[in-house]
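Input: a single structure, listed below in structure tokens.
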Amino acid sequence: MSRFIFVTGGVVSSLGKGIAAASLGAILEARGLNVTMLKLDPYINVDPGTMSPLQHGEVYVTADGTETDLDLGHYERFVRSCNNLTRNNNFTTGRIYADVIAKERRGDYLGATIQVIPHITDAIKAKILIASEGVEITIVEIGGTVGDIESQPFLEAVRQLRFEMGSKRALLMHLTLVPYIATAGETKTKPTQHSVKELRSIGLQPDILIVRSDHEIPKSARDKIALFTNVEPQGVIPLIDADTIYRIPSMLNEQGLDDIIVDKLGLDVGPADLSDWEKVVDAQLNPKHTIKLKMIGKYMDLLDAYKSLNEALLHAGIHTHTRVDVDFIDSVEIEVKGTEMLNDADAILVPGGFGERGFEGKVAAARYARENKIPYLGICYGLHAAVVDIARNLADMENADTTENNPNTRYPVIALITEWVNEEGQTETRDEDSDLGGTMRMGEQVCNLSEDSLTYHIYGESEIKERHRHRYEVNNNFVPALEEAGLKVAGRSADNVLVEVIEYKDHPWFVASQFHPEFTSSPRDGHPLFTSFIEAALVRKNS
């Protein structure tokens, strides 16, 4: 039977609860345990797929095509046994209520009055138990902060599970802030005391406290916290701001967090081998090279919108011993000021996105990279921008566009499949039981690479699997003309219908993909496409 560690947060949000939970998972995995992780989000959206990246940050996509919270990205990057999380590993209040209401409408409750307790809490517990099947340790992170009205059903479900399982199968780890008041020169423990008091008022006593601060927390303050929160002194673990998040597994291990958990859960395992993480930290903090990369996006007000992408670039830097200095540029700025701001770029990256705003800036950036032989990586919308550029400027398709932005364009080089019209005047279809025309193409799918392509050389194999999140596709009716203009189709879908990867022939490194390779990059293993991209930037800079 799986053992459970429930992770909650208090005082303020953005304390790094997800990073702390992922780091704990990495440590326990390093001790030989099979770990899975869950994120329970208290908002009422069924999933984050329709939420603005400016409000919520990145929408992460799992291999099975589920749109999830960005913390699942942390889990998969930190814990190798979590690299194929599914829809069972992230659910929201909205998802729980939608499921319960659907069952009520079917009559599954036999006329009972539906209530938060037991029906909502039972549904939460059932989902947690389903996700824990077959693993030794299940780490469950509860979103939000203790005291939020939205998270109360989740916390009640946790209380019930702890009571049902007993202390040898379920622990509670609580993160709080311990602020340092500079004018008084004092570390304040009262916010943590009040946060734990709030937890205890709903029947939850933490076993471990992770106390966050930007200053060292003296032992006297930790002892005071232990006394007033009824937590053993060794269970009050300080976690000071780190120079890199990839040092946190070692920091928590040095504080004895995993020893406490192993002891409390009665586990017989060896010590943690964190040498892989030490190599990652050393490579990140001691680079031998530096390159300047320009990222042309449209959500630059909140860089969490590109969280996995930024991490993938960092991982590529780790594996090439390179500091990747990313200059984030709003694509609207390029539309207004022109491409001069790209003059000092060693590489240009155009990431995914939706909607018309800023698209012309992305097209201009793709053209600039193509004409000036600057290494270019386009992801999803970045592929669309590159195709539109080649169509307009090399294939004599004046005002070519994507139908997402211009439904009436004469040259719809990017369009929904239902908008493609073949030579017989018929709408194109696919030979599979899925309607991709007006819906998202989601999750891990097979891509077949052409063996004479740069992309094949990068991956080293002809069949790869990467994750998707998009609606619009390259319109096959225009591919022959685009190929005559210099575009190369380097990869297609498993059925050989949809364009997955393009390259530009007369260029040292110009690659764009429909899929999102950033979702499968990790600090210890990197990702071949990003590593090759940064290597190409180094070649350009040195030449």
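For the 3.5 Å distance criterion, the side chains of His319 and Thr531 fail to qualify, holding no donor opposite an acceptor. With hydrogens and angles left out, the side-chain atoms of Thr455 and Glu503 include a donor and acceptor closer than 3.5 Å. Side chain to side chain, Ser2 and Glu136 fail the donor-acceptor criterion of an N or O pair below 3.5 Å. Of the N and O atoms on the side chains of Tyr472 and Gln514, not one donor lies less than 3.5 Å from an acceptor on the other residue. Using a 3.5 Å distance cut-off with no hydrogens or angles, the side chains of Thr68 and Asp47 do not pair a donor with an acceptor. For the residue pair Ser331 and Arg357, no side-chain donor N or O sits within less than 3.5 Å of a side-chain acceptor on the partner. Residues Asn448 and Tyr456 have side chains that never bring a donor and an acceptor to within less than 3.5 angstrom of each other. At a cut-off of 3.5 Å, with distance as the only test, a side-chain donor of Ser81 or Glu29 sits close to an acceptor on the other residue.
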Chi angles and distances behind the side chain to side chain donor-acceptor pair (under 3.5 Å) call for Asp258, Asn253: CA-CA 6 Å; Asp258 50 311; Asn253 173 251; 3.1 Å; yes

Trace of the salt bridge (charged side-chain N to carboxylate O under 4.0 Å, His left out) decision for Asp259 with Arg31: CA-CA 10 Å; Asp259 288 332; Arg31 297 192 70 150; 2.8 Å; yes

Worked verdict on Thr176 versus Thr192 for side chain to side chain donor-acceptor pair (under 3.5 Å): CA-CA 6 Å; Thr176 68; Thr192 293; 2.6 Å; yes

Residue pair Lys307, Glu518: steps toward the salt bridge (charged side-chain N to carboxylate O under 4.0 Å, His left out) verdict: CA-CA 9 Å; Lys307 187 64 178 177; Glu518 67 269 25; over 6 Å; no

Arg87 and Glu67: CA distance, side-chain angles, deciding distance, salt bridge (charged side-chain N to carboxylate O under 4.0 Å, His left out) verdict: CA-CA 8 Å; Arg87 66 186 69 251; Glu67 294 174 299; over 6 Å; no

Stepwise side chain to side chain donor-acceptor pair (under 3.5 Å) test for Asn89 and Thr62: CA-CA 9 Å; Asn89 295 87; Thr62 57; over 6 Å; no

Chi angles and distances behind the side-chain contact (heavy atoms from CB on, under 4.5 Å) call for Met442, Val61: CA-CA 8 Å; Met442 297 290 295; Val61 178; 4.1 Å; yes

Salt bridge (charged side-chain N to carboxylate O under 4.0 Å, His left out) between Asp346 and Arg540, worked out: CA-CA 6 Å; Asp346 297 314; Arg540 173 180 171 80; 5.1 Å; no

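Considering CD of Glu466 and OH of Tyr459, their distance stands at 3.5 Å, rounded to 0.5 Å. For the atom pair Ile5 CD1 and Thr138 OG1, the distance stands at 9.0 Å (nearest 0.5 Å). Distance check: Glu58 CD to Leu72 CG gives 10.5 Å after rounding to the nearest 0.5 Å.
Without hydrogens or angle criteria, Ser195 side chain to Pro191 main chain gives no donor-acceptor distance under 3.5 Å. Within the 3.5 Å criterion, the main-chain N or O of Val332 finds a donor-acceptor partner in the side chain of Asp330. Checked by atom type and distance alone, the side chain of Asp282 never pairs as donor or acceptor with a backbone atom of Glu278 at under 3.5 Å. With Asn343 contributing its side chain and Glu340 its backbone, the two residues share a donor-acceptor pair below 3.5 Å. Judged by distance alone, the side chain of Arg212 and the main-chain N or O of Leu177 form no donor-acceptor pair under 3.5 Å. One N or O on the side chain of Thr520 and one on the backbone of Pro517 form a donor-acceptor pair closer than 3.5 Å. A donor-acceptor contact shorter than 3.5 Å is absent between the side chain of Asp389 and the backbone of Ala385. In this structure, the side chain of Asp223 does not engage the main chain of Ile225 through any donor-acceptor pair within 3.5 Å. No donor-acceptor distance shorter than 3.5 angstrom exists from the side chain of Asp214 to the backbone of Asp241, with no hydrogens or angles considered. Judged by distance alone, the side chain of Glu141 and the main-chain N or O of Val7 form no donor-acceptor pair under 3.5 Å.
Taking the six-membered ring for Trp, Trp509 and Phe533 have ring centres closer than 6.0 Å. Outside the 6.0 Å centre-distance limit, the rings of Tyr381 and Phe354 are not counted as a close aromatic pair.
Salt-bridge formation is not detected for the pair Lys292/Asp325: no Lys NZ or Arg NE/NH1/NH2 atom is positioned less than 4.0 Å from an Asp or Glu carboxylate oxygen. Ion pairing between a basic and an acidic side chain is recognised when a charged N comes within 4.0 Å of a carboxylate O; Glu232 and Lys264 show such pairing. Between Arg467 and Asp64 there is no salt bridge, since no side-chain N of the basic residue sits under 4.0 Å from a carboxylate O of the acidic one. In this structure, Asp344 pairs ionically with Lys294, as a charged nitrogen and a carboxylate oxygen lie closer than 4.0 Å. The residues Lys17 and Asp71 are annotated as not salt-bridged, no charged nitrogen and carboxylate oxygen being separated by less than 4.0 angstrom.
Of all non-hydrogen atoms in Gly355 and Lys298, the two that sit nearest each other are O-NZ, 3.1 Å.
Partners of Glu535 under the salt bridge (charged side-chain N to carboxylate O under 4.0 Å, His left out) rule, at least two apart in sequence or in another chain, do not exist in this structure. Remark: His74 pairs with no residue by the ring-ring contact (aromatic ring centres under 6.0 Å, His included) rule, at least two apart or across chains.
Between Ser513 and Glu500, the closest side-chain pair of non-hydrogen atoms is not below 4.5 Å. Using a 4.5 Å heavy-atom threshold, the side chains of Glu76 and Tyr60 count as touching.
Considering Ile19, Leu175, Leu252 in turn, Leu252 is the only one that fulfils the side chain to side chain contact (heavy atoms under 4.5 Å, CB included) rule with Leu239.
The aromatic rings of Trp277 and Phe78 sit parallel, their planes meeting at an angle under 30°, below the 60° perpendicular limit. Between Phe510 and His507, the ring planes lie perpendicular to each other; the angle is over 60°, past the 30° to 60° tilted range.
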